[in-house]
Amino acid sequence: MKKIFITGIGTEVGKTIASAIVVEALQADYFKPIQAGDLEFSDTDKVKRLVSNPKSHFHNNSYALHTPMSPHAAAEIDEITINIDKIILPETDNNLVIEGAGGLLVPLNNTETIVDIIKSEYKVIVVSRHYLGSINHTLMTLEILKNKGYNPAIIFNGEEHKTTEDIIKKMTGIQVIGRINNEPYFDKVVVKEYAELFKDTLESF
C-alpha cells in the first residue's frame, strides 16, 4: 500500500485541497500528524467533509496544538515539546495520505523540521502555487527532497502561470500529477471531478 506525503512550498498553497483530491482518487486514509490551530474545524475535518467515498478513514492527529503558528512555537505555548518518535503512523491496510504542516523546513522543535518525519519509503507530492518568489521556493523544495533520495511529483494549484511552470518542469524534470484551478468553491462534487482526472497518474505514481 502507498504512503503519500503531501507537502507545500509554503503555507496557504493548497495542501489540504490537494490532500482531499488524492484521498478521494485513491480512496485512501488520511492522517495529519501535526495540527496547529483551528482545532474546532481542523484540516482533518475539512478533508473529511470533501471526500465522498465510503472507504477512507480519518485518523487522529499525533499533536493537536491550539495556536496557529509554526509547530515548535505552538507547542511551546501549549508547554509541550514535539517528539517525532511519538508521531506514529496509524495502522491501516489502506493507502495512506499524510499531510504536512507548512513547508519542509518548518521547525517542529529545536533540531528537527517537517522533512524529518518523511520516511524513506514515502512517495512525496509537492503542492506549488504561483506568486512572486514561488519559483525559488519550488526549486528549493524539490532540491531538498531529491538530495534526500526522494523522487517527488508536483501538483500545481491556482491560476495557470505558464512561464513559471515551464521553467520548473525544464529545470527539474518533475512529474506533474495535474493542476487544481481557482474554483469558485470546493465541495464533494468538485473534489470527485479532480480525483477522476488525477486517478490514473496517482495510481501509477
Side-chain angles (χ1 to χ4, degrees), residues 1-8 14-66 68 70-72 74-75 78 80-109 111-127 144-145 148-153 155 175 177 188 191-192 194-196 198-205:
M1 290 295 171
K2 293 180 183 176
K3 294 177 177 65
I4 298 178
F5 194 98
I6 297 186
T7 189
K15 291 189 305 297
T16 302
I17 291 294
S19 295
I21 291 167
V22 176
V23 166
E24 182 67 17
L26 298 176
Q27 297 192 29
D29 286 9
Y30 172 87
F31 175 49
K32 173 99 173 183
I34 303 164
Q35 175 75 37
D38 298 325
L39 298 186
E40 68 286 347
F41 189 51
S42 68
D43 289 343
T44 304
D45 295 323
K46 292 169 188 171
V47 173
K48 188 173 184 179
R49 191 161 136 183
L50 291 169
V51 166
S52 54
N53 82 80
K55 187 177 178 182
S56 295
H57 185 76
F58 302 87
H59 300 276
N60 293 331
N61 313 115
S62 296
Y63 288 93
L65 309 170
H66 289 85
S70 173
H72 80 288
D78 286 357
I80 61 172
T81 299
I82 293 174
N83 180 346
I84 65 171
D85 292 333
K86 293 184 178 179
I87 297 175
I88 299 171
L89 283 190
E91 293 186 8
T92 178
D93 294 326
N94 196 10
N95 294 314
L96 181 65
V97 171
I98 306 155
E99 183 183 349
L104 291 179
L105 298 184
V106 167
L108 302 179
N109 50 45
T111 59
E112 294 162 316
T113 70
I114 287 290
V115 75
D116 293 306
I117 64 172
I118 305 176
K119 296 184 179 179
S120 59
E121 68 269 23
Y122 293 177
K123 304 284 189 178
V124 183
I125 295 175
V126 174
V127 181
I144 290 168
L145 289 168
K148 288 186 171 289
Y150 300 100
N151 185 24
I155 291 175
Q175 179 185 1
I177 301 294
K188 289 182 178 181
V191 165
K192 191 172 182 62
Y194 277 104
E196 289 299 321
F198 294 0
K199 184 176 181 180
D200 289 347
T201 307
L202 287 167
E203 286 180 343
S204 62
F205 172 50

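For the numbers below, each heavy atom of this structure counts, side chains included, while hydrogens, waters and symmetry mates do not. The model shown is predicted, which means the values in this text are computed figures rather than measured ones.
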Identify the two heavy atoms, one from [X] and one from [Y], that lie closest to each other, and give their separation to 0.1 Å.
X      : Y      : result
Ala101 : Pro71  : CB-CG, 4.3 Å
Val124 : Phe205 : O-CZ, 3.5 Å
Lys192 : Ser52  : CD-OG, 4.0 Å
Ala74  : Ala36  : CB-CB, 4.3 Å

Neighbour count >12 (heavy atoms, 6.0 Å) for atom [atom1], [X]:
X      : atom1 : value
Glu121 : CD    : yes
Asn151 : CG    : no
Asn83  : CG    : yes

### Message
Glu24 vs Asn53, test: side chain to side chain contact (heavy atoms under 4.5 Å, CB included). Steps then yes/no.
### Response
CA-CA 7 Å; Glu24 182 67 17; Asn53 82 80; 3.2 Å; yes

### Query
Hey, are Asp43 and Lys46 close enough for a salt bridge, meaning a charged N less than 4.0 Å from a carboxylate O?
yes

Out of curiosity, [X] [atom1] to [Y] [atom2], how far, rounded to the nearest 0.5 Å?
X      : Y      : atom1 : atom2 : answer
Lys3   : Asn94  : NZ    : CG    : 10.5 Å
Tyr63  : Ile84  : OH    : CD1   : 9.5 Å
Lys48  : His57  : NZ    : NE2   : 8.0 Å
Asp116 : Ile87  : CG    : CD1   : 10.0 Å
Tyr150 : Thr7   : OH    : OG1   : 11.0 Å
Lys199 : Thr201 : NZ    : OG1   : 12.0 Å

Side chains of [X] and [Y]: closer than 4.5 Å at any heavy-atom pair?
X      : Y      : value
Ile144 : Leu105 : yes
His66  : Leu39  : yes
Ile34  : Leu65  : yes

Do side-chain atoms of [X] reach the backbone of [Y] as a donor and acceptor pair under 3.5 angstrom?
X      : Y      : answer
Glu196 : Phe198 : no
Glu99  : Tyr30  : no
Lys2   : Glu203 : yes
Thr113 : Leu104 : yes
Ser56  : Ala28  : yes
Tyr194 : Val22  : no
Asp45  : Ser42  : yes

### side chain to side chain contact (heavy atoms under 4.5 Å, CB included) assessment of Val127 paired with Ile17
CA-CA 10 Å; Val127 181; Ile17 291 294; over 6 Å; no

### Task
Test Phe5 against every option in Val97, Leu145, Ile114 by the side-chain contact (heavy atoms from CB on, under 4.5 Å) rule and name the one that passes.
Ile114

### Query
Which is it for Ile155 and Ile6 under the side chain to side chain contact (heavy atoms under 4.5 Å, CB included) test, yes or no, and what are the steps along the way?
CA-CA 10 Å; Ile155 291 175; Ile6 297 186; 5.8 Å; no

### Query
For Glu112, what residues pass the side chain to side chain donor-acceptor pair (under 3.5 Å) criterion, not counting sequence neighbours?
Asn109

### Message
Over 60° means perpendicular and under 30° means parallel, so tell me whether Phe31 and His59 are parallel, tilted or perpendicular.
### Response
perpendicular

